[in-house]
Amino acid sequence: MPSPLKSRSRYIYAVIVVLVVISLPIFIWKGSVGEKEVAASFLAMVGTFLGALFAFRLNENKENMKVEEERKAALNRALFVVARQINALKSLSKHLAPFHTEFERAFNLPAVRPPSYSDLVHDFQDLDFLLEVGHPNVLMRLSVEQEGFHQTLESLRVRNDFYVDEVQPVIATNSFNRKPVPAQEFEAALGERLFGTAINSANILYSLVAESVQRLPAMHTELFGVAKMLYPDEKFIKLAPEA
């Protein structure tokens, strides 16, 4: 879509040409200018017009090239953010993997404090050109997956805080961490609220991690495909194949 500045410049050039084309026959008809003056004026006008047009086209091309470079950089940044989100969740998934039953996940999974990953966010203002080029769904999915990623991290924080602040003190008080305890005895000691909340928070965490680990690589693949479709000769960040 042409900018207002480009449209205004083109309008001005068109007006000048029209005025000159209309004025010259009038001046010749009235004898205000001779043929030599007309020829000289016409050549000067053509030279000035061509020079201005060339300068305008040159500036327009430079501006277009700058826009295209900014769009390529924005796509690569987005791909890098998604790749880092994937690596962060895969690392968390490895931490969760050894614990299989609901009980193990709720009460044996150690609390872990990953980085905040507050920098793993997309600049949607730089990516809004995807709306113009026919890929609004990709932009929407990026937004959804980003929210899902940070929701997963928040779920981990909530589970860890609850485990450290409420569950572990009860375990320590009853010396459950020194001997194997039947699940029923453990539940009786914690009470229904603590036991149920610990189970639920662990289940939510595992579910969110599993979903994000599946969806984010698909998001990266889709975004990579759009980037290559728009700029086939450009190099973009691509995920390494799974071993």
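Of the possible polar contacts, none joining the Gln146 side chain to the Leu142 backbone as a donor-acceptor pair under 3.5 Å is found. Looking only at distances, a side-chain donor or acceptor of Asn200 sits under 3.5 Å from a matching main-chain atom of Gly196. Proximity of a side-chain donor or acceptor of Arg105 to a complementary backbone N or O of Ala202 within less than 3.5 Å is not detected. Using modelled atom types, one side-chain atom of Asn76 and one backbone atom of Ile237 make a donor-acceptor pair closer than 3.5 Å. In this structure, the side chain of His135 does not engage the main chain of Leu223 through any donor-acceptor pair within 3.5 Å. Judged purely by atom type and a 3.5 angstrom limit, His95 uses its side chain to pair as donor or acceptor with the backbone of Pro110. Under a 3.5 Å cut-off, the side chain of Asp126 and the backbone N or O of Ala74 do not form any donor-acceptor pair. Counting only distance, with no hydrogens or angles, the side chain of Ser201 and the backbone of Ala198 share a donor-acceptor pair below 3.5 Å. No donor-acceptor distance shorter than 3.5 angstrom exists from the side chain of Glu147 to the backbone of Val144, with no hydrogens or angles considered. Arg77 places no side-chain N or O within 3.5 Å of a backbone atom of Asp123 that could act as its donor or acceptor partner.
Using a 4.0 Å cut-off between a side-chain N of Lys or Arg and a carboxylate O of Asp or Glu, Arg71 and Glu132 qualify as a salt bridge.
Rounding to the nearest 0.5 angstrom, the gap separating the CE atom in Met229 from the CZ atom in Phe224 is 12.0 Å. The CD atom of Glu234 sits 7.5 Å away from atom NZ of Lys228, with the distance rounded to the nearest 0.5 Å. In this structure, the separation between CD1 on Ile86 and CZ on Phe149 is 10.0 Å, given to the nearest 0.5 Å. One distance of note links NE2 of His150 with OG of Ser212; it measures 10.5 Å at 0.5 Å rounding. Glu145 CD to His122 NE2: the interatomic distance, rounded to the nearest 0.5 Å, is 9.0 Å. Going from atom CD of Gln184 over to atom CZ of Phe195 covers 9.5 Å, rounded to the nearest 0.5 Å.
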Side chains of residues 204-211: which donor-acceptor pairs under 3.5 Å do they make with residues two or more places apart or in other chains?
{"unit_1": "Tyr206", "atom_1": "OH", "unit_2": "Leu96", "atom_2": "O", "d": "2.7"}
{"unit_1": "Ser207", "atom_1": "OG", "unit_2": "Glu211", "atom_2": "OE2", "d": "3.4"}

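Other residues, nucleotides and ligands place more than 12 heavy atoms under 6.0 Å from the OH atom of Tyr231.
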Evaluate the criterion side-chain contact (heavy atoms from CB on, under 4.5 Å) for residue pair Leu190 and Glu166; output intermediate values, then yes/no.
CA-CA 9 Å; Leu190 264 68; Glu166 300 199 46; over 6 Å; no
Kindly indicate, with the supporting measurements, whether the criterion salt bridge (Lys or Arg N to Asp or Glu O under 4.0 Å) is fulfilled by Lys72 and Glu69.
CA-CA 5 Å; Lys72 294 174 189 176; Glu69 291 301 319; 3.4 Å; yes
Checking Phe107 against Tyr163 for the ring pair (Phe, Tyr, Trp, His ring centres under 6.0 Å) test, could you report, in this order, the C-alpha distance in whole Å, the side-chain angles of both residues, the deciding distance, and whether it holds?
CA-CA 8 Å; Phe107 303 108; Tyr163 181 74; 7.4 Å; no
Show the numbers, then the answer: is there a salt bridge (Lys or Arg N to Asp or Glu O under 4.0 Å) between Asp161 and Arg113?
CA-CA 10 Å; Asp161 288 347; Arg113 298 285 183 183; 2.9 Å; yes
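No continuous path of hydrophobic side-chain contacts links Val121 to Leu75 [ILVMFWY only; heavy atoms under 4.5 Å]. Neither Val67 nor Leu131 shares a network with the other; the hydrophobic side chains, linked directly or stepwise wherever heavy atoms of I, L, V, M, F, W or Y lie under 4.5 Å apart, form separate groups for each. Using a 4.5 Å cut-off between side-chain heavy atoms of Ile, Leu, Val, Met, Phe, Trp and Tyr, with links allowed through other members, Leu92 and Phe162 fall into different hydrophobic clusters. Val158 and Leu153 fall into different hydrophobic clusters, where Ile, Leu, Val, Met, Phe, Trp and Tyr residues are linked whenever their side-chain heavy atoms come under 4.5 Å apart, directly or through other members. A single hydrophobic cluster is seen to contain both Phe236 and Val133, as judged by linkage of ILVMFWY side chains at heavy-atom distances under 4.5 Å, directly or through other members.
Side-chain contact between Glu187 and Leu194 is absent, with no heavy atoms from C-beta onward closer than 4.5 Å.
With Gln168 as reference, Val164 is the one residue of Val164, Asp165, Val170 to meet the side chain to side chain contact (heavy atoms under 4.5 Å, CB included) rule.
Side-chain atoms of Tyr117 and Gln85 form no donor-acceptor pair, as typed in the model, at a separation below 3.5 Å.
Of all heavy-atom pairs spanning Pro98 and Lys94, the tightest one is CD-O, 3.4 Å.
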